[in-house]
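Before any comments, here is the structure.
We use all heavy atoms of the structure for the numbers below, so side chains are in, but hydrogens, waters and symmetry mates are not. Note that the coordinates shown come from a computational prediction; the quantities given were computed from them, not determined experimentally.
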Amino acid sequence: MTELTPLMKQYFGVKEKYSDAIVLFRLGDFYEMFGKDAEMASKILQIALTTRDKSSEVPIPMCGVPYFAADSYILKLTKAGFKVAICEQLEDPKEAKGLVERDVVRVITPGTYSPDNPKENVYIMSIFPSGDKHGIAVSDISTGEFMVYETPDNIQDEVFRFEPREILIPQSIRNGIHYQESFQQFFVSAFEDWHFDYTDAYKTLLRHLKVSSLEGYGCDGMNAAISAAGALVAYLQETQKDTFSLRKISALRSGSCMFLDAATQRNLELTRNLRNGTQEGTLLSVLDETLTPMGGRLMRSSVMKPLNEINEIKRRLSAVEYLTEDFELLEELRSALRRIQDIERLATKIDTKTANARDVAAVKNSVKSLPNIKKSVNSCRNSFLRSIAAEVSEFHEMKELIEKSIVDSPQASVRDGGIIRDGYSAEIDELRNISKKGKSFIADMETKERQRTGISSLKISYNRVYGYYIEVTKSNLHMVPDDYIRKQTLVGSERFITPELKEYESKVLGSEERLKSLEYEIFQDILTGLQKESPRLFKTASAVAVIDFLCSLAVVAKRYNYVRPVVDDSSIINVADARHPVLERLPSGDRFIPNSVYMDNNADRLLIITGPNMA
């Protein structure tokens with residue numbers, strides 16, 4: 001067999017370390033895949049499969065995707081149940097002495113990619129069995145959400161509650177029949193058992209959260225949950241490197257919300273229907289009139305985990321009632337909410353310095369609406385709504401910094417220039433001026449050379465391989481001056497360079513490369529400045545989510561004529577002319593007939609349900 005080239009040796013060295021992932025290997029402007037990775041990926045992505053080293057005895061299968069459009073391809077691979085290892089060039093190919101250094105900078109797994117639907121969370125769940133209970137940690141790294149709890153219940157119920165895209169379990173239980181049956185519909189990753197050791201897990205959490213104790217997070221005594229949480233953080237550190245940040249631990253207790261089992265979730269069709277698994281005809285489809293991704297995620301979470309705490313229920317109901325009665329306030333808030341993008345996920349990107357210029361511009365456009373929201377909520381007479389206003393910041397300095405530094409419509413890439421606004425940096429302005437003058441220099445030089453040589457078809461062009469050149473057709477070669485230096489011969493023409501053009505090329509290309517590099521450096525400095533605001537941005541995102549959620553419930557209540565229930569600690573259920581919120585919305589010819597329900601702990605403890613409409 002033919003010996004592998006140095007590049008292929010480098011690739012297979014990386015692949016050996018990440019054998020369970022499809023490796024996207026950066027070569028110039030493309031991510032290439034080789035061998036079995038290429039064969040699998042080409043089918044999933046519907047791209048051409050070719051080969052490398054066709055002259056060798058055993059050509060290596062190969063396919064690739066442009067690096068600037070890689071996100072959509074990575075999404076398809078993770079949806080198909082694959083991990084994707086991103087192997088980047090760690091040095092500039094122009095400055096590399098020999099083979100360019102490359103290494104994996106991130107492993108994207110089904111539980112760590114951004115979703116198609118911004119109103120859905122992408123959860124990764126870690127499970128650790130301990131005696132008669134399970135410790136559970138759940139995270140959405142795109143929002144920084146991080147929850148822990150313990151349960152003696154059926155583990156399948158917990159899995160269906162969050163519908164995680166990925167489940168992390170100790171290596172030793174992977175082949176257990178009970179777990180195979182519980183997780184058969186999900187992507188499972190096994191992690192070395194020692195990561196789940198309580199002592200190691202506790203230390204891992206302390207390091208990541210930068211605290212000296214977990215006492216302030218309300219997870220005292222939840223040893224199994226801490227084991228699961230520490231292992232999850234260790235797994236994310238291994239796969240995501242420095243591109244994730246979990247802000248704090250939220251300890252879930254069964255007293256605060258209702259933990260619904262898998263059968264109840266499924267049969268009540270809360271977020272997915274039984275017919276085809278979509279959202280159509282579900283309770284969520286009726287209630288969700290949210291206008292922001294954060295509000296949509298809170299709505300989904302609230303449907304899946306209904307409140308148990310009476311005082312909290314009353315606070316929520318009073319706010320919804322107030323909004324239904326104040327139409328002007330409701331419309332003011334919804335008008336402002338329409339202009340807010342996903343500031344929770346944008347805050348995560350800023351916090352981890354993975355945001356691009358478009359993300360930063362989206363933050364600026366979103367925070368413009370916050371003063372109006374704060375003012376509207378602050379002026380109302382409902383105490384719950386006013387308390388939310390205190391959580392909303394206005395970010396005047398952040399908005400001013402972004403407006404001064406970033407162009408209004410930047411491109412996605414932060415390495416190709418064109419993102420820093422004129423006037424923000426004197427050095428950038430100077431380099432841009434050189435570049436602009438260069439275009440007129442080329443046009444003037446082309447005119448001058450045509451006049452000097454008498455070749456009217458002469459043209460000066462540029463490409464990335466050969467740089468700047470003068471192109472002359474073969475029929476005019478006899479008119480080429482002696483100071484032209486031949487650079488390349490083509491079928492119908494030849495290309496030349498002159499000392500003057502070569503000097504210009506060195507000056508302009510050097511300034512363009514320096515311009516791109518400087519814009520990237522300055523953008524990183526801007527991100528560092530914005531990072532300081534990320535805690536307040538997260539807090540504001542949570543407050544906006546609650547406002548949007550409450551406004552959505554108010555809109556639905558007004559639209560469908562819902563009334564506020566009386567909720568107390570009595571043992572009576574008394575609903576007059578009850579309507580089914582989903583069935584009455586279905587487009588059928590039959591009129592829904594309201595039903596009354598009365599139950600208590602004395603004479604009326606049993607109801608016999610005789611048909612679906614009676615339920």
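Side-chain atoms of Asp242 and Thr352 form no donor-acceptor pair, as typed in the model, at a separation below 3.5 Å. Remark: the Lys119 side chain and the Thr290 side chain contain an N/O donor-acceptor pair separated by less than 3.5 Å. The closest side-chain donor-acceptor pair between Ser189 and Glu166 falls under 3.5 angstrom. Between the side chains of Asp351 and Thr348, no donor-acceptor pair is found at a separation under 3.5 Å.
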Donor-acceptor contacts, no H, no angles, side chain residues 227-234, under 3.5 Å, sequence neighbours left out:
| unit_1 | atom_1 | unit_2 | atom_2 | d |
| --- | --- | --- | --- | --- |
| Ser227 | OG | Phe196 | O | 3.2 |
| Ser227 | OG | Asn223 | O | 3.1 |

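Between Glu321 and the choices Arg315, Arg564, Arg316, the salt bridge (Lys or Arg N to Asp or Glu O under 4.0 Å) rule is met once, by Arg564. Of the residues Leu370, Leu291, Ile547, Asp548, the one that meets the side chain to side chain contact (heavy atoms under 4.5 Å, CB included) test with Ile340 is Leu370.
Within the structure, every pair that satisfies the ring-ring contact (aromatic ring centres under 6.0 Å, His included) test and touches residues 207-231, not counting sequence neighbours, is listed here: His208-Phe244.
By the neighbour-count criterion of 12 heavy atoms within 6.0 Å, atom NZ of Lys368 is densely surrounded, having more than that number from other residues, nucleotides or ligands.
Tyr149 has its ring centre less than 6.0 Å from the ring centre of Phe259.
Arg247 is linked by a salt bridge (Lys or Arg N to Asp or Glu O under 4.0 Å) to nothing, counting only residues two or more places apart in sequence or in another chain.
Judged by the 6.0 Å distance and 45° axis criteria, Arg207 is not positioned over the aromatic ring of Tyr202.
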